[in-house]
Amino acid sequence: MDETDDGDCGSNWRRGADAVKVAVTEGHVNVASPADTFRSIGRLLETRVAGTLGTLLSVLFRSFSLAFTKHSCRTTLGPAMWVDGLRRGVAAVEAYGMCQPGDRTMLDALVPAVRGMEDVLCKSKNPVCPFE
């Protein structure tokens, strides 16, 4: 068991976060656009995070990147595009992971986050930086 008493899941999340931090710090993540950044992170997580978690994180980030690719003709990416990206990523995790909220997966955190961001957006606020 690891420190979180969940097998190796906590260690796996940490390994992924550390890999992203190192890759960004060392300039190995393409930051030319949000789409490129999320695609690079998705590829990195697929190879650095073990098991199903790595695959699903890759699906999440790569699907997120596709949403930004769809909006790439715009000069600025507004809050609605970030919400759309996360919504698409969550939908892809549900489809490829064959899971849904309540199955004790990352969706139990992501789905409420998307709903909360959508609620803030409906109130004409910025869900990415709600205190602006």
Side-chain angles (χ1 to χ4, degrees):
M1 293 285 179
D2 67 6
E3 297 165 1
T4 58
D5 198 30
D6 61 356
D8 68 346
C9 188
S11 301
N12 217 5
W13 278 98
R14 183 178 185 133
R15 186 172 33 259
D18 289 345
V20 170
K21 181 179 176 182
V22 167
V24 169
T25 302
E26 293 179 357
H28 299 298
V29 172
N30 184 346
V31 294
S33 71
D36 292 329
T37 302
F38 283 110
R39 193 171 19 263
S40 292
I41 291 171
R43 278 193 297 264
L44 177 69
L45 292 171
E46 186 174 26
T47 61
R48 299 293 169 85
V49 177
T52 304
L53 180 60
T55 301
L56 292 179
L57 286 172
S58 177
V59 166
L60 174 73
F61 278 88
R62 288 181 183 200
S63 296
F64 209 143
S65 79
L66 291 173
F68 284 110
T69 300
K70 176 183 125 184
H71 299 292
S72 65
C73 61
R74 300 187 184 184
T75 56
T76 59
L77 298 173
M81 293 177 207
W82 287 91
V83 174
D84 181 51
L86 186 55
R87 185 185 308 114
R88 288 170 180 264
V90 166
V93 168
E94 285 180 301
Y96 288 102
M98 295 181 288
C99 53
Q100 58 190 1
D103 288 346
R104 298 180 55 168
T105 67
M106 70 176 83
L107 293 178
D108 292 339
L110 291 173
V111 169
V114 170
R115 288 183 185 142
M117 292 173 77
E118 289 170 336
D119 288 345
V120 170
L121 193 58
C122 287
K123 295 174 184 168
S124 299
K125 294 186 179 180
N126 184 340
V128 178
C129 300
F131 302 109
E132 286 184 349

Task: Minimum heavy-atom distance between S58 and G42, given as atom pair plus value - done: OG-O, 3.2 Å
Open item on the list: Let me confirm one number: the CG-CH2 distance from D18 to W13, rounded to the nearest 0.5 Å.
Closed with: 13.5 Å
Task: Shortest non-hydrogen contact between L53 and M106, atoms and distance - done: CD1-CE, 3.6 Å
TODO: Specify the closest pair of heavy atoms between T25 and K21, including all atoms of both residues, with the distance to one decimal.
DONE: OG1-O, 2.7 Å
- [ ] Please test L60 against L110 for side chain to side chain contact (heavy atoms under 4.5 Å, CB included), starting from the C-alpha separation and ending with a verdict.
- [x] CA-CA 10 Å; L60 174 73; L110 291 173; 4.1 Å; yes
- [ ] Please assess R15 against N12 for the test side chain to side chain contact (heavy atoms under 4.5 Å, CB included), listing each intermediate value before the final yes or no.
- [x] CA-CA 5 Å; R15 186 172 33 259; N12 217 5; 2.7 Å; yes
- [ ] First locate atom CG of L56, then atom CD of E94, and finally report the distance between them rounded to the nearest 0.5 Å.
- [x] 11.5 Å
Open item on the list: Applying side chain to side chain contact (heavy atoms under 4.5 Å, CB included) to L66 and R88, what does each step give before you reach the verdict?
Closed with: CA-CA 8 Å; L66 291 173; R88 288 170 180 264; 6.0 Å; no
- [ ] Kindly compute the distance separating CG (L57) from CD1 (I41), expressed to the nearest 0.5 Å.
- [x] 11.0 Å
Task: Under 3.5 Å: donor-acceptor pair, side chain of D108, backbone of P101 - done: no
Task: Which atom of L121 lies closest to which atom of A80, heavy atoms considered - done: CD2-CA, 3.6 Å
TODO: Determine the interplanar angle of the F38 and F64 rings, folded into 0 to 90°, and report it as parallel if under 30°, tilted if 30 to 60°, perpendicular if over 60°.
DONE: parallel
- [ ] Return the minimal non-hydrogen interatomic distance between S63 and G89, and the atom names on each side.
- [x] CB-CA, 3.7 Å
Open item on the list: With rounding to the nearest 0.5 angstrom, report the CZ to CG distance, R62 to L45.
Closed with: 9.5 Å
TODO: Look up atom CG in L86 and atom CE in M81, then write down how far apart they are to the nearest 0.5 Å.
DONE: 15.5 Å
Task: Ionic contact status for R87 with D84, cut-off 4.0 Å - done: yes
Open item on the list: So, taking the atom named OG1 in T55 and the one named OH in Y96, what distance separates them when rounded to the nearest 0.5 Å?
Closed with: 12.0 Å
Which donor-acceptor pairs under 3.5 Å do side chains of residues 27-37 form with protein atoms, sequence neighbours excluded?
unit_1 : atom_1 : unit_2 : atom_2 : d
H28    : NE2    : E26    : OE1    : 3.3
N30    : OD1    : A32    : N      : 2.9
S33    : OG     : A35    : N      : 3.4
S33    : OG     : D36    : N      : 3.1
S33    : OG     : D36    : OD2    : 3.2
D36    : OD1    : R39    : NH2    : 2.8
T37    : OG1    : N30    : O      : 3.0
T37    : OG1    : S33    : O      : 3.0

- [ ] Before giving the answer on side chain to side chain contact (heavy atoms under 4.5 Å, CB included), spell out for Q100 and D103 the whole-Å C-alpha distance, their side-chain angles and the decisive distance to 0.1 Å.
- [x] CA-CA 6 Å; Q100 58 190 1; D103 288 346; 3.5 Å; yes
